[in-house]
A.B. asks: 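First the structure, then my questions, so here it is.
We use all heavy atoms of the structure for the numbers below, so side chains are in, but hydrogens, waters and symmetry mates are not. Just so it is clear: chains get the letters A, B, ... in the order the sequence lines come, proteins before strands, and each one is counted from 1. These figures come from a predicted structure and were not determined experimentally.
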Number of protein chains: 2
Amino acid sequence: MKASDNQALKLGEVDFGILNELTGYWLRWAQLNTYKNIRCFFFDEFDITPGLFGVLEVVGCNPGLTQTAVAKAIGNDRSAMVAIVDKLEKRGLIERKPSETDRRSNALFLTSAGKVFRDRVAGRAWDHNEEFFSMLTAEEHQQFVGLLKRVALAGPSTEAKQ
Amino acid sequence: MKASDNQALKLGEVDFGILNELTGYWLRWAQLNTYKNIRCFFFDEFDITPGLFGVLEVVGCNPGLTQTAVAKAIGNDRSAMVAIVDKLEKRGLIERKPSETDRRSNALFLTSAGKVFRDRVAGRAWDHNEEFFSMLTAEEHQQFVGLLKRVALAGPSTEAKQ
DNA sequence: TACAATAGTTGCACACTTAAACAATTAGCG
DNA sequence: CGCTAATTGTTTAAGTGTGCAACTATTGTA
């Protein structure tokens with residue numbers, strides 16, 4: 001831990017005090033650094049945001065899901081889904097079909113173009129994932145994901161996801 | 001709800017596809033889960049945000065730093081510092097003093113109340129950190145922080161910090 | 001002395017998040 | 001059956017955080 005303290009301190013000669021010892025602080029930096037990179041990757045190569053791709057992937061894997069169901073799955077409000085589905089629909093990647101069993105809800109499906117697009121993005125996303133985390137060995141990377149999953153699913157938010 | 005259950009899969013039964021295999025996805029969930037908890041902790045016990053405490057800690061460890069220097073250290077725009085320092089100043093925790101060597105810049109210092117507050121928060125923050133990450137063993141926690149630091153400091157953002 | 005650069009500040013645009021409200025529709029219960 | 005409560009998609013508003021362009025005062029430099 002002291003070796004990494006030196007590493008952190010050399011960044012601008014500013015003392016971060018206890019922040020250096022708070023896991024949440026480093027988790028935030030790691031997420032920020034990673035997300036910035038991923039966002040650029042998605043934008044440059046596919047002109048899409050990670051959030052939009054997430055919806056595309058969930059709908060692709062679960063055809064017929066309602067907007068509210070997708071919102072719950074990815075963890076945001078159903079009102080936010082309106083703009084998201086609008087964007088994806090406007091790009092011809094997704095389709096709102098009136099549900100056959102409930103006239104209040106829309107069943108979501110990928111269009112054929114959406115399926116092609118998703119497959120293309122998914123393949124590159126996986127490659128990019130391996131590329132970006134190449135600062136870790138394969139074993140470390142695997143350890144990292146394992147730890148992240150446990151942190152992500154700990155506490156009261158666990159119920160929200162499963 | 002029974003009608004929609006036919007088509008809409010229950011939450012636990014949603015297939016997240018390739019998202020489950022993307023490290024950035026799990027990193028985001030881990031950060032969201034952690035941050036939500038930390039934010040509540042800071043708010044409930046001290047009526048402050050993690051971001052404000054970060055500035056308080058950096059200024060406390062580096063008395064006399066200018067607003068721009070703090071902004072660079074914590075990684076956001078210097079225009080954002082105005083509102084942050086305003087809030088901390090309004091609460092009597094921080095002080096803007098005109099720099100003696102450069103009349104353009106403000107030197108930042110903790111007030112005596114600010115020092116007491118920071119010490120109190122810092123102590124509890126460390127305890128809370130250990131509490132929250134108790135889903136990991138001490139060894140795993142240490143591993144986790146080590147990996148996070150490497151991910152946080154990898155790539156072009158490293159240069160951006162110094 | 002002139003010109004470029006910097007610090008703090010303000011304002012704006014954009015995205016994201018929350019919450020509230022509303023119409024249409026469905027579910028639950030007497 | 002009929003009434004009430006709940007749910008779906010949607011819109012709107014408020015709050016938040018971020019990035020960018022200006023503006024002033026001041027400093028550094030040629």
Side-chain angles (χ1 to χ4, degrees), chain A residues 28-29 31-33 35-36 38-40 42-43 47-55 59 64-90 94-108 157 160, chain B residues 1-8 10-11 28-29 31-33 35-36 39-40 42-43 48-55 59 64-90 94-108 157 160:
Chain A
R28 179 171 172 273
W29 270 105
Q31 207 275 330
L32 240 55
N33 191 22
Y35 185 72
K36 205 161 277 189
I38 291 178
R39 201 170 105 218
C40 285
F42 273 90
F43 182 77
D47 191 29
I48 202 174
T49 66
L52 287 183
F53 171 69
V55 171
V59 171
L65 229 53
T66 67
Q67 294 184 192
T68 301
V70 175
K72 277 181 189 166
I74 65 176
N76 60 8
D77 200 86
R78 69 185 197 276
S79 64
M81 285 298 300
V82 179
I84 293 175
V85 177
D86 280 352
K87 283 179 192 169
L88 292 172
E89 205 175 32
K90 210 164 285 179
I94 222 174
E95 214 177 355
R96 281 178 168 105
K97 287 187 182 174
S99 166
E100 297 175 356
T101 59
D102 188 340
R103 283 190 294 175
R104 291 171 300 179
S105 55
N106 299 326
L108 300 178
S157 88
Chain B
M1 177 68 91
K2 275 169 192 167
S4 40
D5 267 352
N6 295 339
Q7 283 216 339
K10 281 189 179 171
L11 253 88
R28 179 171 171 274
W29 271 104
Q31 207 275 328
L32 240 56
N33 191 22
Y35 185 71
K36 205 161 277 187
R39 202 170 102 217
C40 286
F42 273 91
F43 181 78
I48 202 174
T49 66
L52 287 183
F53 171 68
V55 171
V59 171
L65 227 53
T66 68
Q67 295 185 191
T68 301
V70 175
K72 277 181 190 167
I74 66 176
N76 61 8
D77 200 86
R78 70 185 196 274
S79 64
M81 287 297 301
V82 180
I84 294 175
V85 177
D86 280 352
K87 284 179 190 167
L88 293 173
E89 206 175 31
K90 210 165 284 180
I94 221 174
E95 214 178 355
R96 280 179 169 106
K97 288 187 182 175
S99 165
E100 298 174 355
T101 59
D102 188 339
R103 283 190 295 176
R104 290 171 301 182
S105 56
N106 299 327
L108 300 178
S157 89

A.B. asks: So which protein nitrogen or oxygen atoms get under 3.5 Å of nucleotides 20-25 of chain D's nitrogens or oxygens?
C.D. replies:
residue, atom, partner, partner atom, Å
D/dC20, N4, B/S79, OG, 2.9

A.B. asks: With the threshold set at under 4.0 Å for non-hydrogen atoms, list the residues of residues 81-88 of chain A touching DNA chain D in residue-number order.
C.D. replies: A/V82
A.B. asks: Specify the residue among A/Q67 and A/R39 whose closest nucleotide of DNA chain D lies further upstream toward the 5′ end.
C.D. replies: A/Q67
A.B. asks: In whole Å, what is the span from the CZ atom of A/F43 to the C1' atom of C/dA15?
C.D. replies: 14 Å
A.B. asks: Answer with base, sugar-phosphate or nothing: what part of the nucleic acid does B/T66 contact at a heavy-atom distance below 4.0 Å?
C.D. replies: sugar-phosphate
A.B. asks: Using side chain to side chain contact (heavy atoms under 4.5 Å, CB included) as the criterion, list what pairs up with A/Y35, not counting sequence neighbours.
C.D. replies: A/Q31, A/R39, A/P50
A.B. asks: Does B/R96 have a side-chain nitrogen or oxygen under 4.0 Å from the phosphate oxygens OP1 or OP2 of C/dT9?
C.D. replies: yes
A.B. asks: To the nearest Å, give me how far apart CD (B/E100) and P (C/dA7) are.
C.D. replies: 18 Å
A.B. asks: Output all residues satisfying side chain to side chain contact (heavy atoms under 4.5 Å, CB included) with A/K87, sequence neighbours left out; order by chain, then residue number.
C.D. replies: A/L52
A.B. asks: Of all residues at least two apart in sequence or in a different chain, which pass the salt bridge (Lys or Arg N to Asp or Glu O under 4.0 Å) check with B/D86?
C.D. replies: B/R96
A.B. asks: Check the distance between D/dT10's P and A/R103's CZ and give it to me in whole angstrom.
C.D. replies: 16 Å
A.B. asks: Holding to side chain to side chain contact (heavy atoms under 4.5 Å, CB included), I want the full list of residues that pass it with B/S99, two or more places apart in sequence or in another chain.
C.D. replies: B/T101, B/D102, B/S105
A.B. asks: When rounded to the nearest 0.5 angstrom, what distance separates CD1 in B/I84 from CD1 in B/I74?
C.D. replies: 5.0 Å
A.B. asks: Should A/T68 and A/M81 be marked as a side-chain contact (heavy atoms from CB on, under 4.5 Å) after you check the CA-CA gap, both sets of side-chain angles, and the distance that decides it?
C.D. replies: CA-CA 8 Å; A/T68 301; A/M81 285 298 300; over 6 Å; no
A.B. asks: Could you tell me the separation between the NZ atom of B/K72 and the P atom of C/dG8, rounded to a whole number of Å?
C.D. replies: 10 Å
A.B. asks: Measure CD1/B/I94 against P/C/dG8 and give the value in whole Å, please.
C.D. replies: 12 Å
A.B. asks: Could you tell me the separation between the CG atom of B/L32 and the C1' atom of C/dT18, rounded to a whole number of Å?
C.D. replies: 14 Å
A.B. asks: Could you check how far CD of B/Q31 sits from P of D/dG17, rounded to whole Å?
C.D. replies: 13 Å
A.B. asks: List for me each residue that meets side chain to side chain donor-acceptor pair (under 3.5 Å) alongside B/S79, sequence neighbours excluded, and say none if there are none.
C.D. replies: B/D77
A.B. asks: Of all residues at least two apart in sequence or in a different chain, which pass the side chain to side chain donor-acceptor pair (under 3.5 Å) check with A/N76?
C.D. replies: none
A.B. asks: Applying a 4.0 Å non-hydrogen cut-off, can you work out what A/N106 is touching in the nucleic acid: base, sugar-phosphate, or nothing?
C.D. replies: sugar-phosphate
A.B. asks: Please report the interatomic distance CG(B/N106) to OG1(B/T66), rounded to the nearest 0.5 Å.
C.D. replies: 8.5 Å
